[in-house]
Amino acid sequence: MLTYISNIIFIALLSTAVYFFTKNIKKIIRNINLGQDQDLTDNKVQRWGIMARVAMGQSKMITRPVAGIMHLFVYVGFILINIEVLEIIIDGILGTHRILSFMGGFYNFLIGFFEVLALLVLVGVIVFWARRNVVKLKRFTATEMKGWAVTDANNILYIEIVLMTAVLMMNGADHALQLANYPHYTQAGSFPISSVLFGWLQGMNPTTLMVIERACWWLHIIGIFLFLNYLPISKHLHILLAFPNVWYSNLAAKGKFKNNPDITREVNLMLNPSATIDPNAAPPKFGAKDVNDLSWIQLLNAYSCTECGRCTSNCPANQTGKLLSPRKIMMDTRDRMEEVGKNIDTKGVDFNDGKALVGNYITAEELWACTSCNACVESCPINIDPLSIIMDLRQYLVLEKSEAPQSLNSMFTNIENNGAPWQYSQADRLKWANE
Amino acid sequence: MNALNVKTVADYTAQGTKPDILFWVGCAGSFDDRAKKITKAIVKILNHVDIKYAVLGAEESCTGDPAKRAGNEFLFQMQAMSNIAILNGYEVKKIVTACPHCFNTLKNEYPELGGHYEVIHHTQLLQELIDSGKLKVEGGTFKGKKITFHDPCYLGRANGEYLAPRAVIEKLDVELVEMKRCKTNGLCCGAGGAQMFKEAEKGTKEVNIERTEDVLESKATIVAAGCPFCNTMLTDGLKHYNKQDEIQVMDIAEMIAQAADL
Ligand code: SF4
Ligand code: SF4
């Protein structure tokens, strides 16, 4: 029995991790589905292409070369090293050691390659940490980057440092044991990095080495289980959601803003008095007040946001000191969605906390500063569209609350009365031809 | 008929014919003193190349773009529906406009509401005319000058057109220099999203001042614009720095009309 104890502990941990992860992901999916329907399943071929380029190929990351390359290290490292995690899981369940080593030379190559990747991940993560904490780049210290946003960003970096160090140290100890021809430690793998970084382990007492090797093995895999369950409360969720998020990108011209179909119906009724009103039609919705008025893709955008701040650093309003920050728009949307989700969990679906995205999270002042320039949309590495949310919230302010700035109300009146945003008569539209 | 020989679509209809292309003048182009000069430059070019074009004149009305961007979707759709009724009534097929906002709205937002037209920006038309040999231009007074182009958000990022304006400018034998923020990375002039019609929110600077600094840094003596609103914002920005005598803001159509001696 005792021989199986570690297998049993491992299986228990694995199932617990998967159980909680699934549970939290389901909640996130439910929250995203609080949003309105929007069909984005057209042009599948094009969508797979965009996903391959932008999400897998990271094509928009390289516009900022340092961050782009470092991120590539971490991204590739993360994905490929997970192949090794597969082996770790099988070893954990079966109680074997390096079960895939039968692949021989190829296995040795892989392990060596993973070590190089682990080192690159470490380099990337340390550079990232320094950019946030030493260099203090502006986009990481802006107003919305406080509290959890800062802690979260650093947590991710610390976790990755621990994980990578654990892998390398585990290999280092394993290598030392292999050199000592210790039983159970099959001669397998190549250790270009760990034999340098952890070469000092060689020649140590085998029992100590075994303790180190096992401790690092457990630390690494438990770390991964914890990390998995950290994702749902972190911006690191983007490692999963970036892919669907990019797949569902807006394929139309960025300048095309959606026409509210409810308003089209109303306008048609006004222009065509003989049209009949459908008594069963839902009351028309003008813009968005809260997260459930937004569409599901806008909510998926919010959960996918990496909080990188590229949008905000390119935003003309933000650059000139206005309150508006497109990143904050996304973070607020996510925070509000989480709040609404918690309310559903604890107080039932019908509970109304009297709060809303507009007002409690995002102020009118922020919304009115937007020039609709699309710089945020263009700069987002995963094709998030903060502008669409800003426009929906503006529509709510104007049509539901009649809270447009006074000068804009005058502009509306001018358009209504004389077909131009200024006070000129429509009859004079061709006057220039005689001047 | 008016002094500039501009016909309306109604004039064509009265004669039982139709124009090949509608010139959508837009509100700025119709009423704003600075933008009217751009309108006239375009008309001179269109007259010169002998295209069958027409304007809507008093039948034209705001596309509704500023209303939509300011959140008044209702007013936007009312404007769109009545414009579409007129455009469809005249069986308009192709539209050219010098305003990227009109361009974007007509091209992207009208189709769903029943208005299907081929819509082009005037810089695209100019490129077409020059490439097909219908319009011949030489550098003239522009030759060798340092010129930069300010990408209008609604032509560039919004519709992906970065090349046509540059191709036209380059026909003038000039030295085209780019600002540090250009093309996909171009900085807004500050007028879009209905900002033109309201005071800016509290901040540390006006957006057009920030953009004007890019212009100054480029050392260009002419900023080419492709939007009447950018034109205003940049002109104001240059005045702010007291550079209005050293650096000119010109629409590409004005540059072409001047180079072609029209
Ligand atoms: S569209 Fe609005 S929020 Fe986005 S960058 Fe431009 S001004 Fe900022
Ligand atoms: S919206 Fe995009 S660019 Fe902006 S912070 Fe989020 S991921 Fe970065």
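Letters A, B, ... mirror the listed sequences (proteins, then strands); counts begin at 1.
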Which bit of [X] comes within less than 4.5 Å of chain A, counting heavy atoms only: side chain, backbone, both or neither?
| X | result |
| --- | --- |
| B:S82 | neither |
| B:A80 | neither |
| B:K202 | both |
| B:Y110 | neither |
| B:Q195 | side chain |
| B:N72 | both |
| B:Q79 | side chain |

Donor on one side chain, acceptor on other, [X] and [Y], under 3.5 Å:
| X | Y | answer |
| --- | --- | --- |
| A:N250 | A:K256 | no |
| A:H71 | A:Q58 | yes |
| B:Y117 | B:N88 | yes |
| B:K180 | B:N185 | no |

So for [X], is it side chain, backbone, both, or neither that comes closer than 4.5 Å to the heavy atoms of chain B?
| X | answer |
| --- | --- |
| A:A404 | neither |
| A:S425 | backbone |
| A:D428 | both |

Could you check whether the rings of B:F229 and B:F197 sit parallel, tilted or perpendicular, using 30° and 60° as the cut-offs?
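Judged by the thresholds at 30° and 60°, the geometry between B:F229 and B:F197 is perpendicular.
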
With the threshold set at 4.0 Å, does a side-chain nitrogen-carboxylate oxygen contact exist between B:K183 and B:D151?
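No, no charged N to carboxylate O under 4.0 Å.
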
Would B:E60 and A:R429 pass as an ion pair if we require N to O under 4.0 Å?
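Counted as a salt bridge, because a side-chain N and a carboxylate O are separated by less than 4.0 Å.
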
Strictly less than 4.5 Å between heavy atoms, which residues of residues 311-322 of chain A line up against chain B? Please order them by number.
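Within residues 311-322 of chain A, the residues under 4.5 Å from chain B are A:N314, A:P316, A:Q319, A:T320, A:G321, A:K322.
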
Taking the six-membered ring for Trp, are B:F103 and B:W24 closer than 6.0 Å centroid to centroid?
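Between B:W24 and B:F103, which both carry aromatic rings, the centre distance is not below 6.0 Å.
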
